[in-house]
Structures are given as structure tokens and as C-alpha cells.
Number of protein chains: 4
Amino acid sequence: MINRVVLVGRLTKDPELRYTPSGVAMARFILAVNRTFTNQQGEKEADFINCLVWRKQAENAANYLRKGSLAGVEGRIQTGSYEGQDGKRVYTTDVVADSVQYLEPRNGQASPNNSTTGQTLEHQRRSSEYQQPQTQPNYTRVDEDPFVNSSGPVEVLDDDLPF
Amino acid sequence: MINRVVLVGRLTKDPELRYTPSGVAMARFILAVNRTFTNQQGEKEADFINCLVWRKQAENAANYLRKGSLAGVEGRIQTGSYEGQDGKRVYTTDVVADSVQYLEPRNGQASPNNSTTGQTLEHQRRSSEYQQPQTQPNYTRVDEDPFVNSSGPVEVLDDDLPF
Amino acid sequence: MINRVVLVGRLTKDPELRYTPSGVAMARFILAVNRTFTNQQGEKEADFINCLVWRKQAENAANYLRKGSLAGVEGRIQTGSYEGQDGKRVYTTDVVADSVQYLEPRNGQASPNNSTTGQTLEHQRRSSEYQQPQTQPNYTRVDEDPFVNSSGPVEVLDDDLPF
Amino acid sequence: MINRVVLVGRLTKDPELRYTPSGVAMARFILAVNRTFTNQQGEKEADFINCLVWRKQAENAANYLRKGSLAGVEGRIQTGSYEGQDGKRVYTTDVVADSVQYLEPRNGQASPNNSTTGQTLEHQRRSSEYQQPQTQPNYTRVDEDPFVNSSGPVEVLDDDLPF
DNA sequence: TTTT
DNA sequence: TTTT
């Protein structure tokens, strides 16, 4: 059994960050992936793919990705269902990311978004599915820099190359 | 922009074969892909992923895959939507296969399924979304053997190996 | 930065199991993946891809895979180099597996291979690159059954299904 | 049988463009893909993966990619071998790209590289493995813009969206 | 509910 | 609507 997905596309909106009742972070976003071919009217179309990430990667995504950001996602397809408001079953398909790649150089602003916009809190306030954690999860601080691989030309010195 | 999916799983039912009004074959099936981890109750779960294939691969799938068949799919995620019967928009996510792999040895029966069961026709009869083609599409005959790579131990002679 | 590989093919030989000096298991095998197209002489060819796995997955591979086994590999490409015996640099490309899938039903024999053939030990004896571990690594016992998804019914009770 | 690779990384050098005796374009480049983890000395390392593309995509790559360019590659692993100069067999592993993605906005310069630098010709002159084509292949002109998805607005009118 |  |  194999279930593997790789996507590169652009976020249609800012990510939404939530916490499970036990305090685990989860972020959702939609990736617009332009198709390489045109439809019968000769127009380019896109696929709009629901993605979700967990834990520290969720907080990184909420901090560093914005509407329009170019991002890569490796993960798997996850299907599920829930009871719709009309009592009918609604089926869902998401890509659960094992890792998220930031494919654009970090933009000018020095600090991650939540410290300036308060938007993450706003997101949590709108949250219905999940409660907010009673206690601060211990990985709230963003220690890693997810841009470490994306910010510059990789600075490959000729001496480093094994050829 | 990258959109790539690889799946290996088992069909939950026989594939459904249809034809577009212009006579292009399309097959649909659902792949059950067991997860490698258990849920909080310690149970194994699966993802049920809608797959679709076009043209000759569609006819091959209809001929050679059955409920329970182990199959591999390479393709891309395609999203769309349609008007539900209650007027609400319903969003869809499918994997469109570029290629389908038959990962089980061909079973005993000598001939492909449609010649014996008539089931493919039955499927077409139930078809609502697509009309039947007015004329026979010219690739009705299944010329290729999609099992060419799956039926036996690959018969790798030691002399063939480059090491 | 993304580096993702999915392979399904057959082992050209039994896997080779080794241990690092610190006692970490590693298995190597070559996967023959038949091409879907023919060369200019109309012959089918294959790619022979070096794979390696670590830790418990290495021991599972050594126990349950044999020459000719159909297996799936998810992982990443890893390149490296070493000094050849003639002093020249030799470049290597391997697929390091994050997970290995057993795509054939377990065969008749009741016990895993190493308990009957002693071959794994023979492999270790031929090992040059790595020493044998001084102490038994604590995961020598194979507790998990990697065939859990490939052989028998996963026992999905109707009540478990979310639809 | 499945053989699928997805890479995102940066070119270690400009691509090399060659032509087969029958006039088919082929480009080679090496993609440096930084690892997401560090080695035991705490250093980031990278994998250096040989990639090759054919036909119009080869010419696009030669025209639009440069040392340091961020690119995505979808393809398959291809292994082969040739007789080394010391008579010993040398084994090769390449990723043959089905498609190449340009993940950086086109830079300022108006025209593709070969029209200004003459470098492509220089590459051909150094070519040993392949001769130059006797006649101009008929796809020399670059008609498509491979940046169509990476630079400017794809111009999705609201009316086009299916939701 | 759609990005560049 | 779910496979082995």
C-alpha cells in the first residue's frame, strides 16, 4: 500500500491555525496548482487542493506562509466524512503534509506574522471544530528557520562539489 | 507547479466504464489504501480514493481489474465541482491516472471480463452522465497486455544483469 | 527542496543485511523496475536501482524479501562518493527508503528466512564496510509483521467505517 | 512497476545542451537538493542528482535555466552503464525528466540566453558523446513560454471559476 | 471558499 | 458507496 503526494503551488489564502483540545497545532490551507494544459476553450485552469499540517510544521506554516506564497507539500491523501447540516454525509479529501517547503525567499519583514498581525489569534477565535488549548503547548516558540533552504542562491562553492 | 500522486491499493468494487458523447472511454474506481498506522482506538484504517482513467487505459482497467485487485496508480489530483440536487455546490477531488499498474498475476480465466460477464455493457446502460458513443471508438480492441510486467517473476537471467 | 521517490519492482537478489559498528541495521537490495516502453530494438528493458533501508525496516527486509519479491519503496535519492581501489573517485546514487511495502502474499514457509538459511549471517561475514556489532542491538527480535497489509483480511468491521 | 521521482532543487551549473545524430535535443544538468537534516557534524548536506531532459523541454531548460536556478523535476530513475577509459564498467543513475518546472520568476533580461551568450554552441562544441545535427531540427524556435505559470498573473477571471 |  |  502506497499513498504519496507531492505538490507545488500557491496558497489561495493565509493558512488557518487551530489547536485540538489537547493542544496540538494544526494548520489548513488550499494550494492552487496550475495545470500544465488548457481546457477545450484554451484556458489555463487550476486544481485547488486542501492541505493540512500538524504540530510545529503547522505553526511554521501559519507564521511564514501567506496568501500567494509558493509552497511545496509532501504527504498523503486522507479521506474522511462528516455529517452535513442537512444530515447528509459529506465526503472529504485532504492532503496531509509530512513536510512543507517554503519556495520563496523570506520577504522583508523581520518578524513572523503572528507577532504583528494578531491574525493567528483571530483564526483561533473563529475556530469551531477545535477548542483552544488550556495550556500553552511547549512548542509555541518557533526555533527552527524553515527558510534555511529557500532564502538565497544556495551558495554552492565550487570546492564543495564532488565533481 | 507540481501535482504528482502515486498510489498502491485495492479496488473497492469493479471499475465503471463509460464513454463521453464523442466516444472517449473513461473508467472510474475507488482505491482503498490501508494506512500504515492505527487510530487512537488502535484500529487500522484506510483511505478511499476516487481514481479515473481515460482512453485505452480505461478499457484495460475495465477489462482486467476487479473488486479487490491490487493496483498501482500514477497521476495527479484534480478538483472540480458540480451543482448538487439540492442546488448546493459539491466539490470533488479525484486522482486522474496517467498510468495504471496491475500488481497481481492475471488470474486463471483466459478472456477479459467483458466478453464473459456483459458487465461493462451493464455499466454503460446505467450511465447517466455520459451518453453512449454513436459509433464504435476505434480503440475498442484491447491490443496490449497490461499484465506484461506483472504476471510472473520477472525472469531476470543472471546474464542480463549489469553487475 | 523536495526529493521524493516511489518505486515498485522486483528484487534482483536477496537483500544484504549489515550492521554499523554502533549496531544499527542496514539492508541493501537492488530493485529491477521494468520500463513501460521498449527500446529501438523493440525490447523491454529495466532500471536496476540500488535501495537501502535502516533499522527495523532493514531487518524486516532481510527477513521477508527474497530474490524476485515484488516490493514498493518510498524514499529519497541520496548521492555520495568514495575512493575507488584505483584511487579514483566513484560516485554513487541510492534510494534510501523511508518505508518498504511487501506487495506479495507471504509464502508458505512458517518462519522468517534467517532462522532457517543462516544466510544473513553469511552476508554479515562477507561484510567489509561495516563491522559486526559488539553487542546485540535491542531490536533484533522482529516484533512487527510487515505483511499486515498484504496478506490476510485487515478485518474492517462494518461498524468501523465512517460512512 | 512504478518508477516516479519528484525533485525541487537548484542547478549546480548551467545546463548542457546537445543533439543526437538524428537531431534530437537533450539537456543535462545537476540538481543540488539540500537535505532536511544534518550529518553527525551538524552540517547541512545536499544530494547532487543528474537530470536529463529531451526535445523541446531540453531547449527550454538550456534557454531559461542557469546555475543557481530553482527548478522542479518530475520523472523517473534511469540506470545504465558504459565502458570506462580503463576498460572497467561504469554504472550511471540519472533522473529522466518528463517535465521541468521553473520556480523562479524570469529575471530581467528580455531574451533567452543562447541569443546573447553563445554558450549553447560552446556546449555543443565540447560535446563528445553526440554529434551535432546535420540539419536544424524543426523545433529550434522556442514557441512556448515555460514561465507561464511562474511569473505573471495567469489571469483567472471570476467567470472562469467553477465555484 | 480560490493563487501567481 | 468501501479493498485484502
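Heavy atoms only: backbone and side chains are in, while hydrogens, waters and symmetry mates are out. In the text below, chain A, chain B and the rest are named by the order of the sequence lines, each starting its count at 1.
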Would you mind checking if [Y] and [X] are paired as a salt bridge, meaning a charged N to carboxylate O distance below 4.0 Å?
{"X": "A/Asp14", "Y": "A/Lys67", "value": "no"}
{"X": "B/Arg28", "Y": "B/Glu16", "value": "no"}
{"X": "B/Asp47", "Y": "B/Arg35", "value": "yes"}

Starting the side chain at C-beta, find the nucleotide from [options] nearest to [X].
{"X": "A/Thr12", "options": "E/dT3, F/dT2, F/dT4", "value": "E/dT3"}
{"X": "A/Ala46", "options": "E/dT2, E/dT3, F/dT4", "value": "E/dT3"}
{"X": "A/Tyr91", "options": "E/dT4, F/dT3, F/dT1", "value": "F/dT1"}

Interatomic distance where [atom1] belongs to [X] and [atom2] belongs to [N] [whole Å]:
{"X": "B/Leu11", "N": "F/dT4", "atom1": "CG", "atom2": "P", "value": "10 Å"}
{"X": "A/Arg28", "N": "E/dT1", "atom1": "CZ", "atom2": "P", "value": "17 Å"}
{"X": "B/Met1", "N": "E/dT3", "atom1": "CE", "atom2": "P", "value": "12 Å"}
{"X": "A/Leu65", "N": "E/dT2", "atom1": "CG", "atom2": "P", "value": "20 Å"}
{"X": "A/Arg35", "N": "E/dT4", "atom1": "CZ", "atom2": "P", "value": "18 Å"}
{"X": "A/Asp47", "N": "E/dT3", "atom1": "CG", "atom2": "C1'", "value": "12 Å"}
{"X": "B/Ile2", "N": "E/dT3", "atom1": "CD1", "atom2": "C1'", "value": "16 Å"}
{"X": "A/Phe48", "N": "E/dT4", "atom1": "CZ", "atom2": "C1'", "value": "11 Å"}

query: Between the side chain of B/Thr79 and the main-chain N/O of A/Phe48, is any donor-acceptor distance below 3.5 Å?
result: yes
message: Quiz question: by atom type and distance under 3.5 Å, do the side chains of C/Glu104 and C/Tyr64 form a donor-acceptor pair?
response: no
- request: Give a yes/no answer on whether the side chain of B/Lys13 brings an N or O atom under 4.0 Å of OP1 or OP2 in F/dT2.
  value: no
task: Pick base, sugar-phosphate or nothing for A/Ile30, based on heavy-atom distances below 4.0 Å to the nucleic acid.
output: base
message: Over all strands shown, is A/Gly9 touching base, sugar-phosphate only, or nothing at heavy-atom distances under 4.0 angstrom?
response: nothing
